Each structure stands twice: as structure tokens, then as C-alpha cells.
Amino acid sequence: MAKVHIFNAGPCILPKAATEATRKAIENFDNTGVGLLEISHRTPGWERIMSETVQLWRDLLHIPENYKILFLGGGASTQFFTVPANLLNKKAAYLQTGVWAKKAAKEAKIFGETEIVASSEDKNYSYIPKNYTIPTDADYFHITTNNTIYGTEIKEDIDCPINLVADMSSDIMSRPVDVTKYALIYGGAQKNVGPAGVTFVIVREDVLGKITDRKNLPVLPTMVDYRTHIDKESMFNTPPVSAIFVMHETLKWLKDNGGIEWIQKRNQEKADLLYNEIDRNKMFVGTVAKEDRSLMNVCFVMAKGYEDKEKEFMEFAKANGMIGIKGHRSVGGFRASLYNACEIEDVQALVDCMQEFEKKNA
Ligand SMILES: *Cc1c(COP(=O)(O)O)cnc(C)c1O
């Protein structure tokens with residue numbers, strides 16, 4: 001098979017070291033003679049994987065002890081209602097930067113008053129709103145740091161006068177994060193830290209247990225209450241064993257190679273390479289405000305005058321091994337996701353394709 005270059009938006013490409021270690025563990029986990037898909041989550045070997053995975057998170061992101069790290073099921077979408085269930089006493093504030101953010105705010109409305117502080121829906125979410133005021137009477141302010149579909153990103157940890165909550169599904173572990181600026185961070189693992197099936201939650205413990213005057217669901221169902229999972233170290237019920245294992249191997253790969261500082265530099269190089277080509281090549285044009293460009297999801301379309309070449313480029317890229325570059329239907333064109341495990345060689349291959357296509361057609 002010819003070399004393929006995976007740019008899928010999620011589930012993401014994973015490091016070879018992680019998939020290889022998983023393949024071996026599926027055959028024989030920790031020299032037990034039992035495969036990863038068949039082990040009990042109560043075996044000592046598994047408990048070691050769990051605690052090492054938590055430690056990898058702590059080490060990589062410098063997460064202080066008063067923050068708890070949970071590995072749950074249900075995807076980021078389940079956190080859309082779990083977050084307000086645990087934190088929304090009276091009112092929540094949301095920054096609407098895309099459909100994921102919108103979906104998150106919709107769930108918050110079930111629990112209480114929800115204010116959309118600012119939205120970029122007027123321009124199809126092609127920028128990050130600025131100069132908005134965060135209401136100080138809200139219980140928390142929710143942001144989506146990377147907007148996977150549109151390719152915009154809040155690349156710095158913002159100052160927030162109230163509890164800050166972030167959906168970091170698609171840029172967690174891609175750059176340094178000052179965790180202490182957040183009350184809670186969550187996301188699905190499948191964009192940057194593992195396969196589908198496990199969701200991470202990083203929560204500052206003191207923000208929990210404050211639901212006192214909410215009429216709707218004042219007592220939380222056991223599984224919805226973060227404190228259940230904190231008490232049992234994410235093993236109140238059967239954890240997603242195999243997905244956590246792959247996450248463990250993915251983070252080990254990240255740490256062994258130099259951690260967040262290393263990956264940020266590499267991610268910046270990859271994004272620069274592709275954005276520079278988009279800006280140089282007369283057949284293509286980027287879709288978002290330059291200052292808000294995501295390092296993870298690069299969105300572009302055919303430039304004016306070349307719109308009819310879209311299908312042709314897609315086929316040309318496919319014939320050259322590019323996988324997953326079709327843009328989301330709400331943006332169109334192309335989207336190349338340059339998650340952590342994507343190599344500079346993959347991006348170079350895409351850039352070569354764009355240059356060759358320009359030579360033939362422009
Ligand atoms: C993919 C994605 C989600 C949804 O994640 P699931 O795990 O599929 O529920 C939520 N937010 C963002 C930013 C995403 O990229």
C-alpha cells in the first residue's frame with residue numbers, strides 16, 4: 001500500500017509507538033497471558049496503568065494536587081450537561097464560537113439561566129469574538145478553546161473573574177495550558193490524546209458541591225456527580241479500559257519525546273508550513289481571521305476564480321495519499337487536522353500536492 005497521510009478531524013491519527021504497544025497488549029497484557037480487551041479492571045497491572053495515566057497528565061500539564069483528573073465515558077457531549085449539572089446554581093455564561101459551543105449552551109439551559117456573552121455566528125464562526133464582558137453574577141464562563149469544525153482557536157489562557165470552564169477536546173496537550181486559570185477542563189480523547197471512548201475531566205475540587213438553590217435536579221444522579229468519580233478514582237463503574245490504555249501510551253510517547261514544549265514547537269512548524277502555502281498559492285484561500293487561526297484544524301477553500309476546481313483537487317490529493325481533508329459541510333472546501341501525532345512530512349506531502357496542482361492549473 002502506498003504511504004497515506006492522515007488528516008482526519010477525529011478520531012485522530014495516533015503515534016505509531018502507541019498503536020504498536022496496544023497491539024501487543026491486546027495479545028498479552030502486562031505478561032498476564034490475558035489480552036487487554038479481556039482483563040479485569042481490578043487487576044494490579046491495570047491499577048498501575050490508571051495511576052500512571054493520571055501522573056502523565058499531572059506531569060505534562062503541571063496540574064496541581066487540588067485538581068482531580070477523571071477518565072469517564074460518554075464523550076465530550078455528555079460533559080455538555082454534566083458540567084451545568086454540577087456547577088450551574090443560578091446562571092451560566094457561554095462564548096458561542098461554533099456548533100459545539102452552541103450545543104454545550106443548549107444543555108446548560110436545562111439547568112438554569114444561560115447567557116450567550118458573545119457569538120461569531122454572524123460570520124459562520126470564522127473568528128473569535130473579542131471585547132466582551134463576562135458577567136460576574138454567573139457561576140461560570142464556558143469557552144471552547146479550539147473550534148474543530150471552523151478552524152479557530154483561543155490560543156491563550158484568558159483572564160476570567162469567575163470560574164472558567166473549557167471544552168479543550170481538540171487542542172488539549174497541543175500547547176502549554178495554565179491549568180490554575182480554569183475551574184474545569186474537559187474533552188473527548190479522540191482528537192489529540194487517544195482513541196474514542198474516554199473523556200477527560202480536570203476539575204478543581206472546591207467548585208463542587210455548591211448546588212444549593214437550584215430547583216431543577218438539586219440532587220444529582222450518582223453517575224452525573226463528579227464527586228462519585230473522584231472518590232473512586234474513575235473506577236466507580238467499569239472504566240473504558242482499552243481507550244485509557246491507548247491514552248496512556250499516547251501520553252508516554254509525548255513525554256518521552258520532550259513533552260508539551262516539544263509538541264508545541266512541532267505543531268507551530270506544521271501549521272506555519274500549511275498556512276504559508278495557503279497564503280502563497282493563488283488557487284487556495286484560508287477561511288478564518290488570521291489572528292484566530294487554529295494550529296490544529298486548518299480550513300481552506302478554492303480561491304476566487306478556481307471554485308470549479310474543488311472536486312479535481314480533492315481527487316488529486318486522494319490519489320497522492322491524503323486522507324480526511326474534506327471540509328465539514330458547514331464550511332465546505334478543505335480541512336486538514338494537524339493533531340499531535342501528524343508529522344511534518346505529512347504536511348509537506350499535502351503542501352507538495354497543492355504546489356503541483358497549482359503548476360498544472362493556474
Ligand atoms: C468533537 C468535539 C466534541 C464532541 O466530542 P464527543 O466526544 O464526540 O462527544 C465536542 N467539542 C469539541 C470542541 C469537539 O471537537
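The first residue of the sequence shown is numbered 1, and numbering continues consecutively from there. Because the structure is a prediction, the values reported are computed rather than measured. Just follow the structure's listing: the first ligand is 1, and inside any ligand the first atom is 1.
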Sequence neighbours left out, what passes ring-ring contact (aromatic ring centres under 6.0 Å, His included) with Phe141? Give chain and number order. Tyr132

Name the orientation class of the two ring planes belonging to Trp262 and Trp253 (parallel below 30°, tilted from 30 to 60°, perpendicular beyond 60°). perpendicular

Among Ile, Leu, Val, Met, Phe, Trp and Tyr joined by side-chain contacts under 4.5 Å, find the other residues sharing a cluster with Val285 and list them by chain and number. Val301

Between Phe313 and Phe334, is the ring centroid distance below 6.0 Å? yes

Anything under 3.5 Å between a donor and an acceptor, one on a side chain of residues 72-80, the other on a protein residue two or more places apart or in another chain? List them.
unit_1	atom_1	unit_2	atom_2	d
Thr78	OG1	Gly74	O	2.6
Gln79	OE1	Tyr226	OH	2.5

Ligand-protein N/O pairs under 3.5 Å (ligand 1):
unit_1	atom_1	unit_2	atom_2	d
ligand 1	7 (O)	Ala76	N	3.0
ligand 1	7 (O)	Gln190	NE2	2.9
ligand 1	8 (O)	Gln190	NE2	3.3
ligand 1	9 (O)	Ala76	N	3.2
ligand 1	9 (O)	Ser77	N	2.9
ligand 1	9 (O)	Ser77	OG	2.6
ligand 1	11 (N)	Asp167	OD2	2.6
ligand 1	15 (O)	Thr148	OG1	2.4
ligand 1	15 (O)	Lys191	NZ	2.6

For Glu312, I'd like to know if atom CD has over 12 heavy atoms of other residues, nucleotides or ligands within 6.0 Å. yes

